[in-house]
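Taking it in order: structure first as structure tokens, then the write-up.
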Amino acid sequence: MSAVAPVRGAAAGDLYRLVVRDLRRELRVVDGLIVNIALPVIIMVVFVYVFGGAISTGSSGLAYIDFVVPSVLLMSGGYGAATTAITIADDMTGGMMDRFRTLPIGGWLVPAGHVLASVLRNVVACGLALAAAVLLGFRPHATLTEWLLVAALLTGYVLAMSSLAAVWGLLVRSTQAAGAFSFVVLFLPYVSDGVVPAETMPDVLRDFAANQPLTPAVAALRSLLLDGVPMGSSGVVAAAWLAGLVALSLPVAAVLFRRRTSS
């Protein structure tokens, strides 16, 4: 028992230092930080003020800003989380792993540090996107419990996207290829019920939108943030999707990291 506790304490300390290192590195890249925060907000401004008057929200009956903000929150957190692929690929290809091999730390802590730093950073980005939405006229009507559920859902989504990004960053062999994951995550909300009603899409896209994780996540956020929007099964479905993605991607990332560093 006494031998296990110091090991766990050392692992926790190593993880903390790796998370701080990743956060400091992100803060030093000011232009990338601005893009990660500003891009989803700019997209929201464009859709609300340029396209919003021409887009019908279908059977929801919501004002367009109320309709689109939940998907923008996911877009903000997901796009930033996707850059985890770039930071991991940079460590793997830039020689940093040679330095880590000389240190007495567990190998799994390196990708775990990237993922945890991403969660902390991008949950804050979601909060900034929400503040921008309020300035644009979005008026949420959530109770304290509903706000906590909103925070949990956004954190779960960022964790799932960060974990998938870690897998992608360990699969590819360059930071340029790792950056492609950001475009996939940024595009995914468009093929959901988040930007336009899925009911207006062609059959193939409508079927895809109905069976991908962002549609129930958007529906759950709308129900939590707005009055009169039914939750249905969307909260349970979204939670199941996100839990499944995390449960699948974290072990895969651990295996890939072990193989990359042992070769």
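Scope of the values below: all heavy atoms of this structure, side chains included, with no hydrogens, waters or symmetry mates. The first residue of the sequence shown is numbered 1, and numbering continues consecutively from there.
The distance from atom CG of L226 to atom CG of L221, rounded to the nearest 0.5 Å, is 9.5 Å. Of the inter-residue distances, the one linking L224 atom CG with H141 atom NE2 reads 14.0 Å to the nearest 0.5 angstrom. Taking OG1 of T84 as the reference point, atom CZ of R121 lies at 5.5 Å (rounded to 0.5 Å). Considering CZ of F67 and CZ of F47, their distance stands at 11.0 Å, rounded to 0.5 Å. One finds the CG atom of L225 at 8.0 Å from the CD atom of E146 (value rounded to the nearest 0.5 Å). The structure places CG of L248 at 7.5 Å from CG of L164, a figure rounded to the nearest 0.5 Å.
When atom types are taken as modelled, the side chain of S163 and the backbone of V246 share no donor-acceptor pair closer than 3.5 angstrom. Under the 3.5 Å distance criterion, the side-chain polar atoms of Q212 are matched with a main-chain donor or acceptor of L188. Side-chain N or O atoms of S76 include none that pairs as donor or acceptor with a backbone N or O of L73 at under 3.5 Å. Panel note: side chain D90, backbone I86; no donor-acceptor pair is recorded below 3.5 Å. A donor-acceptor pair is defined here as one N or O able to donate and one able to accept, closer than 3.5 Å; no such pair exists between the side chain of S192 and the backbone of T215. Between the side chain of T57 and the backbone N or O of L62 there is at least one donor-acceptor pair closer than 3.5 Å. Judged by distance alone, the side chain of S249 and the main-chain N or O of L245 form a donor-acceptor pair under 3.5 Å. Checked by atom type and distance alone, the side chain of S174 pairs as donor or acceptor with a backbone atom of A177 at under 3.5 Å.
Taking the charged nitrogens against the carboxylate oxygens, D193 and R206 have no contact shorter than 4.0 Å, which rules out a salt bridge.
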Just do the salt bridge (charged side-chain N to carboxylate O under 4.0 Å, His left out) check on R222 and D227 with the steps written out, would you?
CA-CA 9 Å; R222 285 192 188 124; D227 285 336; over 6 Å; no

Indicate every side-chain donor-acceptor pair of residues 147-158 with a distance under 3.5 Å to a residue at least two apart or in another chain.
| from | atom 1 | to | atom 2 | distance (Å) |
| --- | --- | --- | --- | --- |
| W147 | NE1 | A142 | O | 3.4 |
| T155 | OG1 | A151 | O | 2.7 |

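Closest heavy-atom contact between A198 and A209: CB-CB, 3.9 Å.
Inspection of the H114 and T87 side chains reveals an N or O donor paired with an N or O acceptor under 3.5 Å.
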